[in-house]
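Everything below concerns the one structure shown next.
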Amino acid sequence: MKYFHAPSIRCTDEDNVLTIGLADDEFDPIDFVILSRLGEGEYARFYLSINDNDIEFENVIESIHLSFDTLTLNILPKEQEAVDYKRIQVELRDDDSELKRYLKRMFKSSHVELKL
């Protein structure tokens, strides 16, 4: 399991690409996770980037759980070896309504189970 504290959270919607970035530092991050969605509906593709790997993984997230101060990403069993993690847990600064809103937008009508 990967675990880190992310006081820096950025959510953007540019050129029809939704992006959520979580990092341990805003300007010089060591630990980070970037979630992206390209496309809409059945053509949507979801990407995961993590600091431990130079690869951007496509459609590897099984479920996401957001509690008051923790975001948990569960990786699909068949993708865990490639990603090197079963789960990524990010401690958040506190309840972040913008993050919640972007997660809903990003994963609506997708295969990813979302618990908010």
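All residue numbers in this chain count up from 1 along the given sequence.
- Counting heavy atoms from C-beta on, the side chains of Leu103 and Leu71 come closer than 4.5 Å.
- Salt bridge absent: Asp84 and Lys2 never bring a charged side-chain N and a carboxylate O closer than 4.0 Å.
- Residues Tyr85 and Leu76 fall into different hydrophobic clusters, defined by Ile, Leu, Val, Met, Phe, Trp and Tyr side chains chained together at heavy-atom separations under 4.5 Å.
- In this structure a side-chain-to-backbone donor-acceptor pair under 3.5 Å is missing from Asp69 to Glu91.
- In plain terms, the two heavy atoms of Thr70 and Thr72 that are nearest each other are CG2-OG1, 3.8 Å.
- What you find for Asp24 and Ile30 is that their closest heavy atoms are OD1-N, 2.9 Å.
- No close placement of the Phe57 and Tyr47 rings is indicated, their centers lying 6.0 Å or farther apart.
- Residues Tyr3 and Leu73 do not share a hydrophobic cluster, defined by chaining ILVMFWY side chains whose heavy atoms lie under 4.5 Å apart.
- For the atom pair OG of Ser36 and CD of Glu58, the computed distance is 11.5 Å after rounding to the nearest 0.5 Å.
- Aromatic ring pairs are classed by plane angle as parallel below 30°, tilted from 30° to 60° and perpendicular above 60°; the pair Phe46 and Phe107 is parallel.
- For NZ of Lys86, the number of neighbouring non-hydrogen atoms (other residues, nucleotides, ligands) closer than 6.0 Å is 12 at most.
- We find that Lys78 and Glu81 are not joined by a salt bridge, their nearest charged nitrogen and carboxylate oxygen being 4.0 Å or further apart.
- Residues that satisfy the salt bridge (Lys or Arg N to Asp or Glu O under 4.0 Å) test with Glu113, not counting sequence neighbours, are Lys115.
- Side-chain contact check for Leu18 versus Thr12: every heavy-atom pair is 4.5 Å or farther apart.
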